[in-house]
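Atoms considered below: every heavy atom in the structure, side chains included; atoms not considered: hydrogens, waters and symmetry mates. Lettering follows sequence order; numbering is per chain, from 1.
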Amino acid sequence: MNSIRTGEWQKLAVSLAELSLDTTLRCGQSFRWKKLNEDEWTCSLRGRVISLKQDPKQDPNHVLYKVTWPSNSPLTKLSSSGKGVKVEDDSTKDDTEALLRHYFNLEPNLTELYERWSMADPNFKKRAPKFTGVRILKQDAWEALVGFICSSNNNIARISQMVNNLCLSYGPLIGHVHDQPFHDFPTPESLAGPEVESQLRKLGFGYRAKYLARTAVIVSKEKPENWLESLSNTEPFDETEWKTLKPGGRPGYRKSHEELLALQGVGPKVADCVCLMGLGWGESVPVDTHVWQIAQRDYKFGKGKHKSLTKATYDAIGNHFRLLWGEEAGWAHSVLFAADLRTFAIRLTEKTEVQEELQIKAESEDGVIVQATTVVKKREAIREETIKEETTDDLNVVFSTTAKRTRRR
DNA sequence: CAGGTC
DNA sequence: GCTGG
């Protein structure tokens, strides 16, 4: 019994291990979610504004969601958005829960996948515990395409700002939440006009303005209707096929990737991001600077044939991870990617401090000397880590900054 | 320097 | 080679 306009908080049954909002919405997959009121994530999705809350301490088994519909939205609009639910008089049941289950891609059992990846890969097992609940979203393919065309030579904060400006300028207003306006994502048609490139340059898109304008024309005018969506993976999720996956991925993935490369501003990395996060191809492994660093640091790339990130190296890294992690290699890749982001660097110290306290307690209860030595070693490891993290600047850390920033190990 | 592309 | 957090 969801009310249409003044949404109340509803429960979505999904555990923290299956979905971490904080990690998933900040790891550079989607660029539109806004964190309001400290703990509330809000974004427009298919003609409505959705707010989400997750309180790990109070209820680790649910995500709370609230819907805000446009103030002038007739009830019939509910059933007009594709797979909407029938609307009957006042007892209105909207399709937002189904939308959320689809958007957050809740079908695969992430806990089982983490266990499998940990079994196959010691490095994953080492990095993943502080980054549980990272899911690959099923975003709208067009939105993913636009977002990742903006991502080249750019950072997540500015990508988010650019996408926000794009929605404010070209997307229809849906409504306000906490006095913030929320617009829908602009359609390809709305970005296909002749003045779009110059407008986008004024909005600070730089050379990406031309890419977006060209791509919008291609998608809306030169390709057949629904072309982008037709590149989606329609095969059912099958966790048993991972052992027989070809290194290069399934034929459908390879074809989609190749077709996307024809667009302006879309190279192999952007194409893989769209394949993975917009088209449902779980074996797609986008290789960017972070993944390249990870491949060199933890998987022995960067030597011999693969000394630099050429196309051959790019493909070799993807193939390696597909062999190692299987059909959902892109999901596992995203966990390690998140673990490499400076945005989350504080986690690499926070939880070890908790571990330290627990170890001290165990020590005082046992009083055994063997235990004490392990504690001392752990403390030293923490101190070493803390020194490396003190240059983190995006979390208002009050340490004084050192001259040079060393790459984290 | 930042999730690359032409 | 565009641009700003």
Side-chain angles (χ1 to χ4, degrees), chain A residues 23-34 131 134 136-137 139 143-166 196-215 218 257-278 284-297 308-315 317-318 321 329-345 391-397 401 403-408:
Chain A
T23 319
T24 302
L25 297 181
R26 290 202 297 148
C27 74
Q29 281 196 62
S30 63
F31 304 101
R32 280 197 309 133
W33 288 91
K34 292 181 179 175
F131 295 89
V134 179
I136 295 296
L137 304 173
Q139 298 182 71
E143 176 178 344
L145 177 58
V146 170
F148 286 107
I149 284 177
C150 294
S151 75
S152 69
N153 260 323
N154 211 342
N155 56 69
I156 294 177
R158 184 156 82 112
I159 300 165
S160 304
Q161 181 191 273
M162 287 161 66
V163 170
N164 188 245
N165 284 335
L166 190 72
V196 170
E197 181 182 339
S198 60
Q199 285 298 316
L200 291 181
R201 284 194 179 274
K202 286 178 190 168
L203 287 174
F205 280 68
Y207 60 83
R208 305 167 195 88
K210 184 196 276 184
Y211 296 158
L212 287 182
R214 279 291 297 142
T215 294
I218 294 174
H257 189 269
E258 188 182 346
E259 295 242 349
L260 289 171
L261 288 180
L263 300 171
Q264 294 296 308
V266 179
K269 189 269 174 182
V270 170
D272 269 324
C273 286
V274 178
C275 280
L276 179 63
M277 300 161 207
S284 176
V285 179
V287 181
D288 64 357
T289 52
H290 287 278
V291 179
W292 172 229
Q293 301 277 357
I294 292 168
Q296 293 175 90
R297 184 189 63 197
S308 64
L309 187 49
T310 60
K311 181 69 171 89
T313 306
Y314 186 103
D315 292 337
I317 292 173
F321 285 143
W331 290 55
H333 136 281
S334 223
V335 177
L336 295 193
F337 176 85
D340 204 59
L341 287 179
R342 218 154 263 289
T343 316
F344 299 121
T391 54
T392 305
D393 52 71
D394 57 343
L395 292 160
N396 297 324
V397 179
T401 52
K404 270 290 181 192
R405 176 180 284 181
T406 51
R407 188 79 198 169
R408 297 195 305 277

*Run the ring-ring contact (aromatic ring centres under 6.0 Å, His included) check on A/Phe337 and A/Phe131 step by step: do they pass?*
CA-CA 10 Å; A/Phe337 176 85; A/Phe131 295 89; over 10 Å; no
*Selection from B/dG3, B/dC6, C/dG5 that lies nearest to any side-chain heavy atom of A/Gln264*: B/dC6
*Taking CD from A/Gln161 and C1' from B/dA2, how many angstroms apart are they, rounded to a whole number?*
14 Å
*Report which part of the nucleic acid A/Val266 touches: base, sugar-phosphate, or nothing (heavy-atom distance under 4.0 Å, all strands).*
sugar-phosphate
*Between A/Leu309 (CG) and B/dA2 (P), how many Å, whole number?*
14 Å
_Taking A/Ile218's backbone N and O only, do any of them form a donor-acceptor pair with A/Gln264's side chain (distance below 3.5 Å, no angle check)?_
no
_Can you list everything that forms a side chain to side chain donor-acceptor pair (under 3.5 Å) with A/Thr310? Sequence neighbours excluded, please._
A/Thr313
*Sequence-distant partners of A/Arg214, side chain to side chain donor-acceptor pair (under 3.5 Å), two or more places apart*: none
*Which part of the nucleic acid, if any, lies within contact of A/Gly28, taking any heavy atom under 4.0 Å across all strands shown: a base, the sugar-phosphate backbone alone, or nothing?*
base
*Please report, rounded to the nearest Å, how far the P atom of B/dC6 is from the NZ atom of A/Lys269.*
13 Å
Validation: residues 204-212 of chain A side-chain donor-acceptor distances under 3.5 Å, sequence neighbours left out:
{"residue": "A/Tyr207", "atom": "OH", "partner": "A/Ser152", "partner atom": "O", "Å": "3.4"}
{"residue": "A/Tyr207", "atom": "OH", "partner": "A/Ser152", "partner atom": "OG", "Å": "3.2"}
{"residue": "A/Arg208", "atom": "NE", "partner": "A/Cys150", "partner atom": "O", "Å": "3.4"}
{"residue": "A/Arg208", "atom": "NE", "partner": "A/Ser152", "partner atom": "O", "Å": "3.1"}
{"residue": "A/Arg208", "atom": "NH1", "partner": "A/Phe205", "partner atom": "O", "Å": "3.2"}
{"residue": "A/Arg208", "atom": "NH2", "partner": "A/Ser152", "partner atom": "O", "Å": "2.8"}
{"residue": "A/Arg208", "atom": "NH2", "partner": "A/Asn153", "partner atom": "O", "Å": "3.2"}

*Using a cut-off of 4.0 Å on non-hydrogen atoms, how would the nucleic acid contact of A/Val270 be classed: base, sugar-phosphate, or nothing?*
sugar-phosphate
*Can you tell me the distance, in whole Å, between the CG atom of A/Asn155 and the P atom of B/dA2?*
9 Å
*Per the atom types in the model, does the base of C/dC2 pair as donor or acceptor with the side chain of A/Arg208 at under 3.5 Å?*
yes
*Over how many whole Å does the gap from A/Leu341 atom CG to B/dC1 atom P extend?*
17 Å
_Which nucleotide wins on minimum distance to the side chain of A/Arg158, given the candidates B/dG3, C/dG5, C/dT3?_
C/dT3
*In whole angstrom, give the distance that lies between atom CD1 of A/Ile218 and atom P of B/dC6.*
10 Å
_Does A/Leu263 reach a base, just sugar-phosphate, or nothing at all? Heavy atoms under 4.0 Å._
sugar-phosphate
*Which residues satisfy the salt bridge (Lys or Arg N to Asp or Glu O under 4.0 Å) test with A/Glu258, sequence neighbours excluded?*
none
*In whole Å, what is the span from the NE2 atom of A/His257 to the P atom of B/dT5?*
9 Å
_Can you measure A/Asn164 atom CG to C/dG5 atom C1' for me and round it to whole angstrom units?_
15 Å
*Heavy atoms under 4.0 Å, any strand shown: does A/Phe337 hit a base, just sugar-phosphate, or nothing?*
base
*Would you please name every residue forming a side chain to side chain donor-acceptor pair (under 3.5 Å) with A/Trp292, sequence neighbours left out?*
none
*Short side-chain to backbone donor-acceptor contact, A/His257 and A/Cys275, under 3.5 Å*: no
*For A/Leu261 and for A/Val287, locate the closest nucleotide of DNA chain B by heavy-atom distance; then report the residue assigned to the nucleotide nearer the 5' terminus.*
A/Val287
*Identify whether any heavy atom of A/Cys150 sits under 4.0 Å from a base atom; if not, whether one sits that close to sugar-phosphate; answer base, sugar-phosphate or nothing.*
nothing
*Choose from B/dT5, B/dG3, C/dG5 the nucleotide whose nearest atom is closest to any side-chain atom of A/Pro268.*
B/dT5
_Given B/dT5, B/dG3, C/dC2, the nucleotide with the shortest approach to the side chain of A/Asn153_ = C/dC2
*Considering only B/dA2, B/dT5, B/dG3, which nucleotide approaches the side chain of A/Gln29 most closely?*
B/dG3
_For DNA chain B, report each stem as range with range, ordered by first number, or say none. Use Watson-Crick or G-U wobble pairs under 3.5 Å, at least 3 in a row._
none
